[in-house]
Chemist: 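I am attaching a structure below and will ask some questions about it afterwards.
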Amino acid sequence: MNTAATDHNHETGFGSVYKRLGDNYIYVLTGLPIAIFSFSLLLSLLVISIATMVVGLGLVVLPLTLLMASAFATLSRNRLRAWGVTIEPARYRPTQPTIAGRLRILADPQRWLDWVFEVLIAFPLRLTAFVFAVVWSAVGLGGVTYFFWSLFVPGERAVIQLIQITTPSLMPRSPAGQYLLDSGVGFVIGLIFVLTLAHVMQMLAEVDAMLTSVLLGANQRPAQAGKENPLLTDYQDTWGSSETSFGPTAWALTGTIFSAVVLLAVAWPVVSAVYSVNAAVVMVWTMLHCAAIVATLRWTWISLAVSLVASGALILVTAPAEVSVWPWPVTVLLTQCAVLIVAGLARPWYYAVSAWSAGVVLTISVLVAEAPELPAGALGNSIVFATVSGAVVVAATLSRMWIRNAGRLEAAERTSAIQDRRSKELAERNRIARELHDVVAHSMSVISVQAATAQYRNPGIDEASQREFDEIAKSSRQALSEMRMLLSILRNDDDAPTTPTPGLDDIDALVEATRASGTEIRYRGFDSTNKDVLDKTAPATGLAAYRIVQEALSNALRHAPGSAVDVELSITVAADNTDRISIAVINGPRPDRTTTPAPGSGLGLDGIRERTVAVGGTYQVGPTPEGGFAVYAHLAL
């Protein structure tokens, strides 16, 4: 099963079993009182809701019953976390404050699973664990202290009686010797129980934890679907919902366990009483037969073989009774059909068909072996088994095929819905791109034209001002070109943008263009000795370096106007002896405190982080001790 929700957070090993003895005792012993209370309350509420459904009151009580079941299931999950198992919280379908919205609780399979677990699974599971824990502890402590308290127990001792019956020659003649022998045997038995107590308590706690985490865990799925094939897990999206933590794996395990327990409780006494067979013998083979129902989910071939062996054994032990319902007693037939149902639903068709064929061969073999003295009705019983089990196999196989097709259909519909959503997103992106083009591109074009024609519209402009207008026109054209490239990406055009992307060689021009704004920039670029290294730089790294410098300069101009900026580019060697580009952009404090800096959205620093991480680099940004701001980035070549 999927173990994502059942990762133990406690130690494992021989010594840890004894360290966790107290935790295991608390977990096992506290489970029964909670289970008794939840069992009685939830079962009573369900009966009341069904009884009052005709007058409409049941529509109020039944949602309350499921809410209470979810509350107890949450308590079970919290107990599991306290014991040391990580389990995700359940996800329930959302409700609305209206009456119809409240009634949506009734359609939530996760809440019904909570009720099934708390009433049908948790109570017998925790009762069994509690009885085992108390009996094992009592036998252990009682055996170790048997030497003392047995003095006050009247009557003949059990050990002495057993020795007198089996090996009277070993019986001591003196009463003191008999007492010491009896006490010694009792001490040894008690010591064995005491030494194994920690392991038994660990096993009881782990069984409870495993079933709780599998049945109540969120969205349980197998880690490897090819190796672990729980019932219907391949198509659980057909039955499950993304809104809830319900999964058919939990339902499958719950249903098989419940069916196995019910069949065991019915088959054991019925076969023993009707066919006059030893109860212990019937119990062993019936337990194996019923266990095969659950084990078929995981070990299919082995479980099918075990079910056939158990069926054959039960046929043999019931043969002397000469009852007309033979060779397949009703309970054995039902149990075998349950095994075939699980195999037909969980695995491909040939698993169930092979098991059914083997059962028919077993039946024919029994009839042939008993042919001279067949009891009345044996032939009819065999025909009933073959037809009923065959119908079960056909129904289970067809159900599995229907579930597979339903899962594929839903997957196709889900894919179609995703494609439709993507088409709508693309349409929205195109609309946004058109609006950006209409709003921004026009303004940038106007700025470029005004700057380029300023000398013609104003003949008296001096040379310095003209150079300023030329820089403005150049920057606006570059920004317009880059914006068009981004718009083409936003529109998801099939044609790649023809405008070349900026790189390391363009950083010098970027710094010069920024200096034209009047900002003092102390710039130190790459040395000429680094040319060979820079030629090997990936285009993505060059673009990232250009954008980082561009954004860092923009931040300095926006937040600290008038401050000096230091820009330094260099080639450094990392700890793993690989070359990398190191970028440092540091601005000083704002000289004029009366000047209000331009507001920013913080997206620039996010862009620096995203671009640095995208090329496998590292970065560091933050204020300097002098009151300025620094941006450091290291990009792998």
Side-chain angles (χ1 to χ4, degrees), residues 1-10 20 23-36 38-39 42 69-70 72-90 109-133 200-223 228 230-233 236 245-265 287 290-299 303 338 342 346:
M1 296 278 168
N2 184 355
T3 58
T6 58
D7 295 332
H8 287 257
N9 295 329
H10 55 271
R20 290 188 54 82
D23 295 338
N24 294 335
Y25 257 115
I26 295 174
Y27 182 75
V28 172
L29 297 183
T30 57
L32 182 61
I34 299 174
I36 293 175
S38 63
F39 174 81
L42 296 177
S70 298
F72 282 113
T74 302
L75 179 59
S76 298
R77 296 184 186 96
N78 292 335
R79 288 181 63 247
L80 204 58
R81 296 188 189 98
W83 183 70
V85 173
T86 302
I87 181 172
E88 297 181 10
Q110 179 62 44
R111 296 191 183 275
W112 283 105
L113 180 61
D114 292 342
W115 186 93
V116 170
F117 175 81
E118 293 296 331
V119 175
L120 303 180
I121 305 297
F123 178 69
L125 173 67
R126 293 171 184 172
L127 176 61
T128 304
F130 184 90
V131 171
F132 261 96
V200 171
M201 294 302 301
Q202 180 73 17
M203 181 191 67
L204 294 175
E206 286 184 349
V207 170
D208 185 300
M210 180 192 68
L211 290 176
T212 303
S213 61
V214 169
L215 297 178
L216 297 184
N219 231 355
Q220 297 300 318
R221 296 173 186 265
E228 302 187 43
L231 187 60
L232 308 184
T233 49
Q236 52 190 320
S245 58
F246 160 73
T249 305
W251 276 112
L253 191 58
T254 304
T256 51
I257 292 176
F258 179 71
S259 301
V261 171
V262 170
L263 287 171
L264 175 62
M287 287 182 65
C290 294
I293 300 175
V294 182
T296 303
L297 292 171
R298 178 72 179 274
W299 305 284
S303 302
V342 175

Chemist: Of all the heavy-atom pairs spanning Leu42 and Ala69, show the shortest one and how long it is.
Modeler: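 Closest heavy-atom pair between Leu42 and Ala69: CD2-N, 3.6 Å.
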
Chemist: List the residues meeting ring-ring contact (aromatic ring centres under 6.0 Å, His included) with Phe117, not counting sequence neighbours, and say none if there are none.
Modeler: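 With neighbours one apart ignored, the set is empty.
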
Chemist: Rounded to the nearest 0.5 Å, how far apart are CG of Asp23 and CD of Gln202?
Modeler: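 Asp23 CG to Gln202 CD: 9.5 Å, rounded to 0.5 Å.
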
Chemist: For Pro33 versus Leu29, what's the shortest heavy-atom pair and its separation?
Modeler: CD-O, 3.2 Å

Chemist: Is Tyr25 atom OH crowded by more than 12 heavy atoms from other residues, nucleotides or ligands, each under 6.0 Å away?
Modeler: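 Enclosed: over 12 neighbouring heavy atoms sit under 6.0 Å from OH of Tyr25.
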
Chemist: How close do Ala129 and Val28 get, heavy atom to heavy atom, and via which atoms?
Modeler: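 Heavy atoms only, the tightest pair is O-CG1, 3.7 Å.
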
Chemist: As an exercise, state the distance from CD1 of Ile34 to CG of Leu75, rounded to the nearest 0.5 Å.
Modeler: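 If we round to the nearest 0.5 Å, Ile34:CD1 and Leu75:CG are 4.5 Å apart.
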
Chemist: Val294: what forms a side-chain contact (heavy atoms from CB on, under 4.5 Å) with it, not counting sequence neighbours?
Modeler: Leu253, Thr256, Ile257, Ala260

Chemist: Backbone N or O of Ala295 within a donor-acceptor pair of the Ser303 side chain at under 3.5 Å?
Modeler: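 At least one qualifying donor-acceptor pair exists.
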
Chemist: My understanding is that only residues two or more places apart in sequence, or in another chain, count here; which of them pass side-chain contact (heavy atoms from CB on, under 4.5 Å) with Leu32?
Modeler: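 By the side-chain contact (heavy atoms from CB on, under 4.5 Å) rule, Leu32 matches Ile36, Leu127, Phe130.
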
Chemist: For Trp83 and Asn24, which heavy atoms make the closest approach, and how far apart are they?
Modeler: NE1-OD1, 2.8 Å

Chemist: Quick one about Arg126 and Ser76 (side-chain donor to acceptor, distance below 3.5 Å, no hydrogens or angles considered), yes or no?
Modeler: yes

Chemist: Taking side-chain hydrogen bond (donor to acceptor under 3.5 Å, both in side chains) as the test, write out the residues that go with Asn78, two or more places apart.
Modeler: Arg81

Chemist: With sequence neighbours excluded, what pairs up with Ala73 under the side-chain contact (heavy atoms from CB on, under 4.5 Å) test?
Modeler: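 Here the qualifying residues are Arg77, Asp114, Glu118, Leu216.
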
Chemist: Which one of Asp208, Leu204, Val85 satisfies the side-chain contact (heavy atoms from CB on, under 4.5 Å) criterion with Tyr27?
Modeler: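 Of the listed options, the one satisfying the test is Asp208.
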
Chemist: Just wondering, do Val207 and Leu125 contact through their side chains at under 4.5 Å, heavy atoms?
Modeler: yes

Chemist: Can you list everything that forms a side-chain contact (heavy atoms from CB on, under 4.5 Å) with Thr30? Sequence neighbours excluded, please.
Modeler: Ile26, Arg79

